[in-house]
Amino acid sequence: MNEKYFEYSLLLVCGLSALIPLVWLYLNIKLKHLQKLSRIRVMRRQQKNVNALFLSSEILNNCCKKLFFSSDKKAGIALSALIGGRTQKAVDYFKDTQPQLALLLEAHQNTPIAYNKILKQKTLWLKNPQYCVYLPVLAHLLFDKKTMHSAIAKINPLKLSKCNAAYYNYCVAFAYLYDGDMLSASQKASAALDYFRKKKYSYEGAKCYLALGEIYRLSCVNDVAQTMIEAAIKINQEQKMPQYLSQSMAALGMLMLFENRHEEAEENFNKALLSAQTDDLCADIGNQKALLYIAQNKLKTAKSEISKALPVFIASKNKHGQAFSQQLLAQIYFNKKQYTQAFQFANIAKEIYEKNNNFSAVLECMYLCADALFKQNKLKKSEEILRKMLTISEKQKHNFHIANTYSLLGLIYLRKKDLQRAKVLLQQSLHLEQRHKRCEGLVSDYANLATIDILSGNHDSAKDNLQTALEYAKQTGNEELTELIKKKFNDFT
């Protein structure tokens with residue numbers, strides 16, 4: 001009898017042993033399905049939320065997993081809400097037990113508010129290897145470049161998981177981009193992209209493609225830049241994400257703009273407007289169209305676009321949008337040779353950027369101020385701003401601005417007839433432009449060095465510099481610039 005019971009018991013154990021893996025497999029398949037649903041529906045719900053700037057597929061996956069395997073009734077309710085794209089129930093559920101996770105979920109619905117709370121706990125966040133990478137991610141999204149740089153410097157990448165290392169690499173790519181190191185930027189963005197593609201994180205993958213598009217555009221590799229942006233567009237079309245599709249189309253429009261393909265640029269901006277889901281994004285695209293019209297010297301039309309965009313940014317308290325609108329107005333007045341007004345608007349933009357720690361944009365506005373003063377022959381005041389820029393740049397490492405600064409300083413000393421000092425400054429600019437392969441900057445520096453050579457009587461050197469300037473001008477795809485340098489070369493030779 002005992003043997004019979006033993007046999008039954010053995011059969012039961014064997015049956016359970018075979019069943020447990022099947023149950024576990026079923027649960028994992030179901031979990032992955034729920035995770036995918038939560039990612040898609042949170043993304044789609046974010047489309048019309050102007051404050052929802054952050055999304056992390058990894059955070060949503062982890063939340064789903066924790067809620068799915070919890071026996072708590074409230075966890076089930078929170079999971080159901082999360083699968084429907086609503087994060088608040090999960091925020092409330094994790095608030096007491098896992099406050100950092102709760103804040104990251106809150107960032108999915110109101111990124112600025114969650115970020116300000118996180119900044120108050122900055123030291124605590126940076127000590128947590130599980131969540132520290134999200135501080136620079138959020139800082140990047142909110143244009144707080146100072147915090148982004150400082151957070152990156154304090155994170156030890158060797159202590160990060162593979163997924164967090166991918167988010168870290170994404171942020172580091174932008175840090176390198178802002179510093180002008182395009183090779184390192186592309187390597188980090190590619191490393192992040194490889195991981196996100198393997199995990200099938202479509203949102204992050206599209207973001208990486210857009211980052212690579214920007215990196216290659218600034219490196220003058222425009223065909224690759226276009227391929228990267230089109231890859232982002234394809235992902236957003238497949239995932240049916242109109243807001244992100246709109247952003248990608250606008251990025252393609254900006255590439256066309258910088259390639260001087262103005263008709264295609266405007267076409268892409270208009271397509272971007274068709275799928276834009278928020279007034280703020282429409283206003284952003286309006287600013288980009290204004291930049292296009294400035295490039296076409298349609299200054300009245302550009303100003304009209306800004307007049308529509310600026311009130312939207314003021315209403316939504318979008319400081320970055322406000323600052324960019326003011327910066328564009330400064331450029332309009334600069335192009336109209338109304339340099340006093342250009343200085344005033346550039347200064348307004350600079351002050352807004354300063355309050356938001358966007359030091360790269362601060363330096364852009366300072367340069368515009370210095371150039372406006374230079375055009376008015378206020379050389380001393382212009383030089384004072386440029387010297388201050390060099391001091392800021394040494395701390396922030398924004399090499400693009402350092403190159404521009406040395407270039408304008410060179411022109412100041414050229415105007416002062418101090419040819420030797422002007423040449424040294426322009427060569428410093430040239431060195432930085434060569435290092436980071438900025439084609440238009442190289443054109444300008446070689447042309448200006450040629451002018452110094454002509455004034456110094458070094459005709460062979462002047463010819464060589466003009467020839468090199470012409471070669472780089474052709475690489476930019478800017479026909480107007482190419483013709484200008486070609487004329488200068490032909491007139492000289």
*Is a side-chain donor-acceptor pair under 3.5 Å present for Tyr446 with Asp464?*
no
*Between Glu364 and Ser360, is any pair of side-chain heavy atoms under 4.5 Å apart?*
yes
*asked:* Checking side-chain polar atoms at under 3.5 Å, does Thr111 have a donor or acceptor matched by the opposite partner on Asn51?
replied: no
*asked:* Under a plain distance cut-off of 3.5 Å, with no hydrogens placed, do Asn465 and Asp453 share a side-chain donor-acceptor pair?
replied: yes
*Does the side chain of Ser461 come under 3.5 Å of the side chain of Asn458 through a donor N or O and an acceptor N or O?*
no
*Any chance you could measure Lys188, atom NZ, to Asp181, atom CG, to the nearest 0.5 Å?*
10.5 Å
*Under 6.0 Å from the NZ atom of Lys375, do we count more than 12 heavy atoms belonging to anything else shown?*
yes
*asked:* Tell me if the CG atom of Asp279 is crowded by more than 12 foreign heavy atoms within 6.0 Å.
replied: no
_Can a side-chain donor-acceptor contact be found between Glu230 and Gln226 if the only test is distance below 3.5 angstrom?_
yes
*asked:* Ignoring hydrogens, what is the shortest heavy-atom contact between Gly321 and Asn287? Give both atom names and the distance.
replied: O-ND2, 3.6 Å
*Under 3.5 Å, is there a donor-acceptor pair between the Asn164 and Gln130 side chains?*
no
*Got a second to check how far Met389's CE is from Thr391's OG1, nearest 0.5 Å?*
10.5 Å
*Would you find more than 12 non-hydrogen atoms of other residues, nucleotides or ligands less than 6.0 Å from Lys319 atom NZ?*
no
*asked:* I need the minimum non-hydrogen distance between Ala265 and Gly253, along with the two atoms involved.
replied: CB-O, 3.4 Å
*Got a donor-acceptor contact below 3.5 angstrom from the Ser429 side chain to the Leu425 backbone?*
no
*Taking C-beta and beyond as the side chain, do Cys369 and Phe343 meet within less than 4.5 Å on heavy atoms?*
yes
_Any residue meeting side-chain hydrogen bond (donor to acceptor under 3.5 Å, both in side chains) with Ser186, in chain and number order, not counting sequence neighbours_ = none
*asked:* I'd like to know if Lys207 pairs up with Glu204 as an ion pair, taking the criterion as any Lys NZ or Arg NE/NH1/NH2 lying under 4.0 Å from an Asp or Glu carboxylate oxygen.
replied: no
*Answer yes or no: is there a donor N or O on one side and an acceptor on the other, between the side chain of Gln376 and the main chain of Ala372, under 3.5 Å?*
yes
*Roughly how far, to the nearest 0.5 Å, is CD1 of Ile152 from NZ of Lys154?*
12.5 Å
List the atom pairs, with distances to 0.1 Å, where a side-chain N or O of residues 302-314 and a protein N or O form a donor-acceptor pair under 3.5 Å, not counting sequence neighbours.
from: Lys303; atom 1: NZ; to: Tyr333; atom 2: OH; distance (Å): 2.9
from: Ser307; atom 1: OG; to: Ser304; atom 2: O; distance (Å): 2.6

_Using side chain to side chain contact (heavy atoms under 4.5 Å, CB included), reason through Tyr176 and Met182 one step at a time and then give a plain yes or no._
CA-CA 7 Å; Tyr176 280 126; Met182 295 302 160; over 6 Å; no
*Go through the structure and list residues passing salt bridge (charged side-chain N to carboxylate O under 4.0 Å, His left out) with Lys198, not counting sequence neighbours.*
none
*Taking the side chain as every heavy atom from C-beta outward, state whether His108 and Ile59 have any atom pair closer than 4.5 Å.*
yes
*Side-chain ion pair, Glu384 and Lys388, N-O less than 4.0 Å*: no
*Kindly give the heavy-atom pair with the smallest separation between Leu442 and Glu433, and that separation in Å.*
CD2-CB, 3.6 Å
_Any carboxylate oxygen within less than 4.0 angstrom of a Lys/Arg side-chain nitrogen, looking at Lys117 and Glu106?_
yes
*Do Lys120 and Asn116 have side chains that get closer than 4.5 Å, going by heavy atoms?*
no
*Side-chain heavy-atom pair Gln475, Val443 within 4.5 angstrom cut-off*: no
*With Tyr339, the ring-ring contact (aromatic ring centres under 6.0 Å, His included) member among Phe334, Phe345, Phe374*: Phe334
*Is there a ring-ring contact (aromatic ring centres under 6.0 Å, His included) between Tyr167 and Phe196 once you walk through the steps?*
CA-CA 9 Å; Tyr167 286 106; Phe196 291 134; 5.1 Å; yes
*Look up atom CG in Leu257 and atom CG in Asn268, then write down how far apart they are to the nearest 0.5 Å.*
11.0 Å
*Does the distance from a Lys or Arg side-chain N to an Asp or Glu carboxylate O, for Glu351 and Lys355, drop under 4.0 Å?*
no
*Tyr178 ring centre to Lys145 NZ or CZ under 6.0 Å, with the angle to the axis within 45°?*
yes
*Reported OH-to-CG distance for the pair Tyr131 and Leu104, which is rounded to 0.5 angstrom*: 7.0 Å
*asked:* Between Lys486 and Glu483, does any side-chain N to carboxylate O distance fall below 4.0 Å?
replied: yes
*Just wondering, more than 12 heavy atoms not from Asp460 lying within 6.0 Å of its CG?*
no
*So how far is it from Ile215 CD1 to Arg217 CZ, rounded to the nearest 0.5 Å?*
11.0 Å
*Side chains of Trp125 and Leu103: does their closest heavy-atom pair fall under 4.5 Å?*
yes
*Side-chain donor-acceptor pair present, Thr405, Tyr367, cut-off under 3.5 Å*: no
_Residue pair Ile412 / Ser382: nearest heavy atoms and the distance that separates them_ = CD1-OG, 3.6 Å
*asked:* Go through it in stages, so that I can follow the logic: the residues are Glu383 and Lys416, the test is salt bridge (charged side-chain N to carboxylate O under 4.0 Å, His left out), and I'd like the CA-CA distance, side-chain angles, deciding distance and then a yes or no.
replied: CA-CA 12 Å; Glu383 185 173 356; Lys416 290 179 178 180; 3.2 Å; yes
*Determine, stepwise, if the pair Asp144 / Tyr115 fulfils side chain to side chain donor-acceptor pair (under 3.5 Å).*
CA-CA 10 Å; Asp144 186 353; Tyr115 179 63; 2.8 Å; yes
*Can you see which heavy atom on Ala250 is nearest to which on Phe269, and at what distance?*
O-CE2, 3.4 Å
*With the side chain counted from C-beta on, respond yes when Pro136 and Ile155 share a heavy-atom pair under 4.5 Å apart, and no when they do not.*
yes
*Using distance alone, with no hydrogens and no angle criterion, decide if Tyr244 and Gln46 have a side-chain donor and acceptor under 3.5 Å apart.*
yes
*Greater than 12 external heavy atoms within 6.0 Å of Arg197's CZ*: no
_Side-chain heavy-atom pair Pro112, Asn110 within 4.5 angstrom cut-off_ = yes
*Would you find a donor on one side and an acceptor on the other, under 3.5 Å apart, between the side chain of Gln331 and the backbone of Gln327?*
no
_Verdict with reasoning, Met43 to Ser202, per side chain to side chain contact (heavy atoms under 4.5 Å, CB included)_ = CA-CA 10 Å; Met43 274 195 284; Ser202 56; 3.9 Å; yes
*asked:* We want to know whether Thr278 and Gln243 form a side-chain donor-acceptor pair, criterion being a heavy-atom distance below 3.5 angstrom.
replied: yes
*asked:* If you apply the rule side chain to side chain contact (heavy atoms under 4.5 Å, CB included), what do you find for Cys171 with Val133, and how did you get there?
replied: CA-CA 9 Å; Cys171 289; Val133 291; over 6 Å; no
*Which heavy atom of Leu212 sits nearest a heavy atom of Ala189, and at what distance?*
CD2-CB, 3.6 Å
